[in-house]
Amino acid sequence: PRVGVPMAATATAATASTATPDTTAAGEVDWASLHPALHPSSAGVPASRAERKAWQLESLISMATLLAPPRPCHLVDFAGGTGVLGLPLAGLLPHATITIVELKARSLDIARRRAAEASLTNVRFYLGDICAFDQPFDVGLALHACGTASDLVMQACVAARARFVVCPCCTGKLSAE
């Protein structure tokens with residue numbers, strides 16, 4: 001399998017009944033089948049990083065699609081920024097409501113614009129703190145939730161009795177030394 005696709009997700013995705021037509025058995029997203037506004041490059045990711053970001057997203061998306069029930073459900077993208085994770089999920093899981101929780105109004109404005117451009121009707125936006133979000137949900141997600149935000153996301157998910165996929169941000173840099 002390609003770097004960025006967890007082995008467990010690869011093996012499980014091949015037999016998962018919740019896989020959508022826009023994802024492959026290995027969890028790869030068929031980006032060409034989605035609206036261009038859902039690609040990471042439309043969220044401001046530089047072209048030099050867009051392919052690696054897409055691989056990273058595919059890894060999280062593969063896990064989220066496995067955890068999301070095949071019925072109407074609610075997924076929350078905590079610290080979701082411009083919707084780099086939540087919006088492709090909304091395109092891939094039309095039966096799900098995706099809520100993007102974000103502290104920065106400017107980031108949510110970009111996410112709203114991208115969702116409108118892609119004609120997504122299953123996305124909600126919440127401007128505020130992770131701890132203030134009090135709606136019920138089935139799956140919590142966080143990609144690069146900075147500082148203690150990853151801990152807060154996991155606490156919110158446990159309190160909601162929700163499944164979760166969390167990929168914390170780096171808290172330091174590797175040096176050549």
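Only a predicted model underlies this, so the values are computations on that prediction, with no experimental measurement involved.
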**Student:** Whether Arg112 and Asp109 form a salt bridge (side-chain N of Lys/Arg under 4.0 Å from carboxylate O of Asp/Glu) is what I want to check.
**Tutor:** yes

**Student:** Taking all non-hydrogen atoms of both residues, which atom of Val84 and which atom of Arg114 are closest, and how far apart?
**Tutor:** N-NH1, 3.7 Å

**Student:** Where do Ala68 and Leu93 come nearest, in terms of heavy atoms and distance?
**Tutor:** CB-CD1, 4.1 Å

**Student:** Does some side-chain heavy atom of Leu143 sit less than 4.5 Å from a side-chain heavy atom of Gln56?
**Tutor:** yes

**Student:** Is it possible for you to say whether Phe125 and Val139 belong to one hydrophobic cluster, with membership spreading through side-chain heavy-atom contacts below 4.5 Å?
**Tutor:** yes

**Student:** For a quick test of reading the model, state the closest non-hydrogen atom pair linking Ile61 to Pro88 and the distance between them.
**Tutor:** CD1-CB, 3.9 Å

**Student:** I need the minimum non-hydrogen distance between Ala111 and Ile100, along with the two atoms involved.
**Tutor:** CB-CD1, 4.2 Å

**Student:** Side chains of His35 and Leu87: closer than 4.5 Å at any heavy-atom pair?
**Tutor:** no

**Student:** Applying a strict under-4.5 Å side-chain criterion to I, L, V, M, F, W and Y, I'd like to know whether Leu108 and Phe78 cluster together.
**Tutor:** no

**Student:** Does Ile110 sit in a hydrophobic cluster with other residues, and if so which ones, taking ILVMFWY side chains as linked at heavy-atom separations under 4.5 Å, directly or through other members?
**Tutor:** none

**Student:** Less than 3.5 Å apart, which donor and acceptor atoms pair up between the side chains of residues 147-164 and the rest of the protein, not counting sequence neighbours?
**Tutor:**
residue: Ser150; atom: OG; partner: Ala145; partner atom: O; Å: 3.0
residue: Arg163; atom: NH1; partner: Leu67; partner atom: O; Å: 2.8

**Student:** If hydrophobic clusters are built by linking Ile, Leu, Val, Met, Phe, Trp and Tyr wherever their side-chain heavy atoms come under 4.5 Å apart, do Ile98 and Leu85 end up in the same one?
**Tutor:** yes

**Student:** Quick check: is Val76 connected to Val123 through a chain of hydrophobic side chains (ILVMFWY, heavy atoms under 4.5 Å apart)?
**Tutor:** no

**Student:** If we only count heavy atoms from C-beta on, is the Trp31 to Leu57 side-chain gap below 4.5 Å?
**Tutor:** yes

**Student:** Test side chain to side chain contact (heavy atoms under 4.5 Å, CB included) on Leu141 and Leu60; report intermediate values, then the result.
**Tutor:** CA-CA 8 Å; Leu141 308 161; Leu60 270 73; 5.9 Å; no

**Student:** Mind checking what makes salt bridge (Lys or Arg N to Asp or Glu O under 4.0 Å) contact with Glu51, not counting sequence neighbours?
**Tutor:** none

**Student:** Would you mind reporting whether Thr65 and Met63 have side-chain heavy atoms less than 4.5 Å apart?
**Tutor:** no

**Student:** Going through the checks in order, is the side chain to side chain contact (heavy atoms under 4.5 Å, CB included) test met by Leu120 and Leu38?
**Tutor:** CA-CA 10 Å; Leu120 295 175; Leu38 304 181; 3.7 Å; yes

**Student:** How many angstroms lie between atom CG of Leu75 and atom OG1 of Thr97, to the nearest 0.5 angstrom?
**Tutor:** 9.0 Å

**Student:** Are Ile130 and Val165 linked, directly or through other ILVMFWY residues, by side chains that come within less than 4.5 angstrom of each other?
**Tutor:** no

**Student:** Given 3.5 Å as the limit, does a donor-acceptor pair link the side chain of His95 with the main chain of Pro69, or not?
**Tutor:** yes

**Student:** Which heavy atom of Asn122 sits nearest a heavy atom of Pro94, and at what distance?
**Tutor:** ND2-CA, 3.7 Å

**Student:** With Ser107, which residues qualify under side-chain hydrogen bond (donor to acceptor under 3.5 Å, both in side chains), at least two apart?
**Tutor:** none

**Student:** Holding to side-chain hydrogen bond (donor to acceptor under 3.5 Å, both in side chains), I want the full list of residues that pass it with Thr99, two or more places apart in sequence or in another chain.
**Tutor:** His74

**Student:** At their closest point, which heavy atom of Gly86 faces which heavy atom of Asp77, and how far apart are they?
**Tutor:** N-OD2, 3.0 Å

**Student:** Residues two or more places apart in sequence or in another chain: which of them pass salt bridge (Lys or Arg N to Asp or Glu O under 4.0 Å) with Asp129?
**Tutor:** none

